[in-house]
**Q** 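I have a structure I would like to understand better, so I am pasting it below and will then ask my questions one at a time.
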Amino acid sequence: AAAGGRAMEAAAKGAFVLGNLAEVVERVLGFLPTKALLRAACVCRLWRECARRILRARQRVAWVSALEPGPAESHALVRALARELEKVHVLPQTVLYIADAETFSGHEEGHEQKKARKRNSKETAIALEKLLPKRCQVLGLVTPGIVVTPMGSSSNQPQEIEEGEAGFALLFPKIDGVKIHTFHFSKDLKNRVFDESKFAEAGLKNNPDLRVVLLFGYNSWKSGATRFLHQIVNPLNEKSIILAGGQVESFTSLTSENNNAQPGDACGVVGLAFSGPQIQSATVLLDQDVADERTAEAAMQRLKAANIPERNTIGFMFACVGRGYRHYKTKRNMEADAFRKFFPNVPLFGFFGHGEIGCDRIVTGNFVLRECNDIKDDLLHGYTTVMTLIHLGSTK
C-alpha cells in the first residue's frame, strides 16, 4: 500500500510539473516533430503556448527528397512526403516542389494518351497538396531532370538525376525578417503589351526589401513565349535583385492566399520572391565554354568569392538539358560535385530545363555593385547552368 501511495504521489508530482512548469514542458515538447507537437498543443493552454513558442523558434528550411522509383500507383515524391512529414521539425508556410515531368504525369497508354497524362499530373499534384498544411502556399513544377540533395544532412552529396523518377520538396517555415511569396503572370492573348502595374501587386516593384526572384517560364514552345519572358525579366533586371531560374515543362501547383492558378494552354511565368534586409544572395553563370572539371570549379570559385554566409543557406542549380553528362562526356554529376567541393555544407536543389535565367551578380546588405555603365546584364540563356546561393539570415 505504501509503495502504491508513493507511486501515486510521484505521478501526481509529474502531472503537476507537466501541467504547470512551462520550461519543463517546453524542453520535453521540443523533441517532438511538428505533427506530434500540434497534436500535443490540444492538451491544455500551457501546452498550446509552449508549442507555439517552439514552432516560432524552428526557422531552418527542411526538405524531402525522392530519388528512388517505387510502385507504380503514386509518384515517389508523394510517398516520401507522406512519410517524412510525420518527422519534420518545421511547420511549412511556403513549399517549392519540383519533380521529373515524365513519371509525374504517369505512363498511361492508349488512344487518349494526352488526356490521361494531363489528368494524372493533376491527380499527383492534388495528392501532394493534400499532405501539406491548408494555409501553406505551394509552387510545384515539373522538369526534364532534377538536381537534389538526399535527406538527412546538408552535406550529403547532391545528385544530378537526368532521367528517371525523382523530386524534392523544400519546406520553408515562417522566418523572422523574411517574406516569401508566389506569383504568376500568364500571357494575355488579347494584349501584346504586359501591364507592369501587375509587378507592384506581386510585390516585385516598389518593394525596397526585395532581394531574390526565382522565375520559371512554362509552355516556352508556344508562339510569343520568349517575347513574353523578356517582358517580365527586363523590368526586374536591377543590380540590387538576384534573378535566377529557367524554362520548365509546366507548373502543376500554385496555391496562395489570393491565387489558386491552374495550368492552362497559355504560356507564362511563375515564381517565388524573397524579401528581407537580412537576405544575401549571389549567382554565377556557367556558359558553353565551361566544359570540364577545371572550368566548372573556376565558376564555383567565383561564387565562393561572393562571401555569402553558408549557414542557413540554400543552393540552386538551373541547368540546360543539353548539359550534364552529355556535355561533360567523361563524367556524370560534374557541376553538383564542383559545387559540393566549394560549399561542403550547403544543400543543392534544381533542375535540367529548356533555357536558363541568370547572370553573375552579388546582393548582400553592405555590397553595392557600382558600375560605370548602365548596360543591363543578359539574363536569358541556352546551353548554360546558373548556380545560385540564397542566405536567409542567421538563425537562432
**Q** Is there a side-chain contact between Leu91 and Thr34 (heavy atoms, below 4.5 Å)?
**A**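 Leu91 vs Thr34: side chains touch.
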
**Q** Compare every heavy atom of Cys50 with every heavy atom of Glu26, then report the nearest pair and how far apart it is.
**A**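 In this case the closest contact between Glu26 and Cys50 is OE1-SG, 3.9 Å.
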
**Q** When the aromatic ring centroids of Phe228 and Phe185 are compared, is their separation below 6.0 Å?
**A**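 For Phe228 and Phe185, the ring centres are not under 6.0 Å apart.
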
**Q** Looking only at heavy atoms, which two atoms of Ile54 and Gly30 are closest? And how far apart?
**A**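 Looking at all heavy atoms of both residues, the closest pair is CD1-N, 3.7 Å.
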
**Q** Any heavy-atom pair between the side chains of Pro344 and Ser155 that's under 4.5 Å?
**A**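 Side chain of Ser155 against side chain of Pro344, heavy atoms only: no contact under 4.5 Å found.
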
**Q** Going by an N to O cut-off under 4.0 Å, is there a salt bridge joining Asp209 and Lys179?
**A**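 Result for this pair is no, no salt bridge flagged.
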
**Q** So does Phe343 get a backbone contact from the side chain of Arg340, meaning a donor-acceptor N/O pair under 3.5 Å?
**A**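 Flag set: sc Arg340 to bb Phe343 pair under 3.5 Å.
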
**Q** Within a strict 4.5 Å, meaning less than it, do heavy atoms of the Arg135 and Pro133 side chains meet?
**A**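 No; the side chains remain at least 4.5 Å from each other.
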
**Q** Give a yes or no on whether Lys341 atom NZ has more than 12 heavy-atom contacts from other residues, nucleotides or ligands under 6.0 Å away.
**A**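 No, not enclosed.
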
**Q** Name the orientation class of the two ring planes belonging to Phe168 and Phe349 (parallel below 30°, tilted from 30 to 60°, perpendicular beyond 60°).
**A**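 Plane angle between 30° and 60°, so tilted.
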
**Q** Short question: side chain of Gln159, backbone of Gln157 - any donor-acceptor pair under 3.5 Å?
**A**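 Such a contact is found between Gln159 side chain and Gln157 backbone.
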
**Q** Step by step, work out the side-chain contact (heavy atoms from CB on, under 4.5 Å) result for Arg58 and Arg60.
**A** CA-CA 6 Å; Arg58 291 178 175 176; Arg60 300 294 299 273; over 6 Å; no

**Q** State whether Glu84 and Lys87 are salt-bridged, where the test is any N-O pair (Lys NZ or Arg NE/NH1/NH2 against Asp/Glu carboxylate O) under 4.0 Å.
**A**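 Answer for the salt bridge query: yes.
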
**Q** Taking Asp360 for the side chain and Val284 for the main chain, is one N or O donor matched with an acceptor at less than 3.5 Å?
**A**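 Side chain of Asp360 to backbone of Val284, a donor-acceptor pair under 3.5 Å: no, none is there.
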
**Q** Are the aromatic rings of His181 and Phe274 close, with centres under 6.0 Å apart?
**A**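 Ring-ring flag for His181/Phe274: false, centres at least 6.0 Å apart.
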
**Q** Looking at Arg302 and Glu297, would you say the former's side chain and the latter's main chain have a donor-acceptor pair under 3.5 Å?
**A**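 Flag not set: sc Arg302 to bb Glu297 has no pair under 3.5 Å.
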
**Q** Given Ser281 and Arg211, is the side chain to side chain donor-acceptor pair (under 3.5 Å) satisfied, shown in steps?
**A** CA-CA 8 Å; Ser281 184; Arg211 294 291 181 274; over 6 Å; no

**Q** In this structure, are over 12 heavy atoms from other groups packed under 6.0 Å from Lys35 atom NZ?
**A**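 Buried by this count: over 12 neighbours within 6.0 Å.
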
**Q** Using 30° and 60° as the class limits, which term best fits the ring planes of Phe104 and Tyr97: parallel, tilted or perpendicular?
**A**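 Rings of Phe104 and Tyr97: parallel, under 30°.
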
**Q** For the residue pair Asp176 / Gln59, report whether a side-chain donor-acceptor contact shorter than 3.5 Å exists.
**A**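 Yes, side-chain donor-acceptor contact under 3.5 Å.
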
**Q** Is it the case that more than 12 heavy atoms not belonging to Arg27 sit under 6.0 Å from its CZ atom?
**A**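 Counting other residues, nucleotides and ligands, CZ of Arg27 stays at 12 neighbours or fewer.
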
**Q** Counting N and O atoms only, with roles assigned by atom type, does the side chain of Gln247 sit under 3.5 Å from a partner on the main chain of Gly382, one being a donor and the other an acceptor?
**A**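 No; zero donor-acceptor contacts below 3.5 Å.
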
**Q** Check whether any side-chain heavy atom of Leu77 lies under 4.5 Å from a side-chain heavy atom of Leu128, and answer yes or no.
**A**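 Yes; the side chains approach each other to less than 4.5 Å.
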
**Q** Does Met151 offer a backbone N or O that forms a donor-acceptor pair with the side chain of Asn156 under 3.5 Å?
**A**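 Checked: pair present.
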
**Q** Evaluate the side-chain contact (heavy atoms from CB on, under 4.5 Å) criterion for residues Phe183 and Val270: first the C-alpha distance (whole Å), next the side-chain angles of each, then the deciding distance (0.1 Å), finally the verdict.
**A** CA-CA 6 Å; Phe183 60 85; Val270 291; 6.0 Å; no

**Q** Is there a side-chain contact between Leu215 and Leu243 (heavy atoms, below 4.5 Å)?
**A**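 In contact.
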
**Q** Is there a side chain to side chain donor-acceptor pair (under 3.5 Å) between Ser154 and Asn345? Walk through the geometry before answering.
**A** CA-CA 5 Å; Ser154 295; Asn345 298 305; over 6 Å; no

**Q** Show, in sequence, the C-alpha distance, side-chain angles and deciding distance for Val212 and Ile279, and conclude whether the side-chain contact (heavy atoms from CB on, under 4.5 Å) test is met.
**A** CA-CA 8 Å; Val212 182; Ile279 295 171; 4.0 Å; yes

**Q** Pairing donors with acceptors under 3.5 angstrom, does anything connect the side chains of Arg361 and Asn237?
**A**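 Yes, because at least one side-chain N or O of Arg361 sits under 3.5 Å from a partner of the opposite role on Asn237.
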
**Q** Charged N to carboxylate O below 4.0 Å: is that the case for Asp337 and Lys331?
**A**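 Yes, charged N to carboxylate O under 4.0 Å.
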
**Q** Grab the two heavy atoms, one from Leu389 and one from Gly315, that are nearest each other, plus how far apart they are.
**A**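 So the two residues come closest at CD2-CA, 4.3 Å.
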
**Q** How about Leu132 and Leu81: do any of their side-chain heavy atoms sit closer than 4.5 Å?
**A**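 Touching, per the 4.5 Å side-chain cut-off.
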
**Q** Go through the steps for Tyr218 and Ser186 under the test side-chain contact (heavy atoms from CB on, under 4.5 Å), then give the verdict.
**A** CA-CA 9 Å; Tyr218 63 89; Ser186 72; 3.5 Å; yes

**Q** May I ask you to decide if Gly217's main-chain N or O and Ser220's side chain share a donor-acceptor pair within less than 3.5 Å?
**A**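 Flag not set: sc Ser220 to bb Gly217 has no pair under 3.5 Å.
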
**Q** Mind listing the side-chain donor-acceptor pairs of residues 138-149 below 3.5 Å, one per line with the distance, residues two or more places apart or on another chain?
**A**
{"from": "Thr143", "atom 1": "OG1", "to": "Gly145", "atom 2": "O", "distance (Å)": "2.9"}
{"from": "Thr149", "atom 1": "OG1", "to": "Leu348", "atom 2": "N", "distance (Å)": "2.7"}
{"from": "Thr149", "atom 1": "OG1", "to": "Leu348", "atom 2": "O", "distance (Å)": "2.8"}

**Q** Quick one: are Ile314 and Val61 in side-chain contact, heavy atoms under 4.5 Å?
**A**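 A side-chain contact exists here, since the closest heavy-atom pair is under 4.5 Å.
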
**Q** Grab the two heavy atoms, one from Ser65 and one from Ala80, that are nearest each other, plus how far apart they are.
**A**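 Closest approach of Ser65 to Ala80, heavy atoms only: O-CB, 3.9 Å.
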
**Q** Tell me the closest heavy-atom pair linking Met300 and Glu335, and the distance in Å.
**A**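 Residues Met300 and Glu335, closest heavy atoms: CE-O, 3.9 Å.
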
**Q** Ring centroid separation for Phe316 and Phe339, is it under 6.0 angstrom?
**A**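 Here the rings of Phe339 and Phe316 have centres that are no less than 6.0 Å from each other.
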
**Q** Would a distance-only check, ignoring hydrogens and angles, find a side-chain to backbone donor-acceptor pair under 3.5 Å from Lys222 to Cys267?
**A**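 No.
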
**Q** Do His75 and Thr103 have side-chain atoms, one donor and one acceptor, less than 3.5 Å apart?
**A**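 The answer is yes; a qualifying pair exists.
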
**Q** Are the side chains of Glu160 and Arg332 in touch, meaning some heavy atoms are under 4.5 Å apart?
**A**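 No, too far: nothing below the 4.5 Å cut-off.
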
**Q** Tell me whether the rings of Phe216 and Phe318 are parallel (<30°), tilted (30 to 60°) or perpendicular (>60°).
**A**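 Perpendicular.
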
**Q** Spell out, as yes or no, whether a donor-acceptor pair under 3.5 Å connects the side chain of His354 to the backbone of Glu249.
**A**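 Not a single qualifying donor-acceptor pair exists.
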
**Q** Return the minimal non-hydrogen interatomic distance between Val290 and Arg323, and the atom names on each side.
**A**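 Shortest heavy-atom separation between Val290 and Arg323 comes out as O-NH2, 2.9 Å.
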
**Q** Does Arg48 reach the main-chain N or O of Ala40 with its side chain, forming a donor-acceptor pair under 3.5 Å?
**A**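 No, because the side chain of Arg48 does not come within donor-acceptor range (under 3.5 Å) of the backbone of Ala40.
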
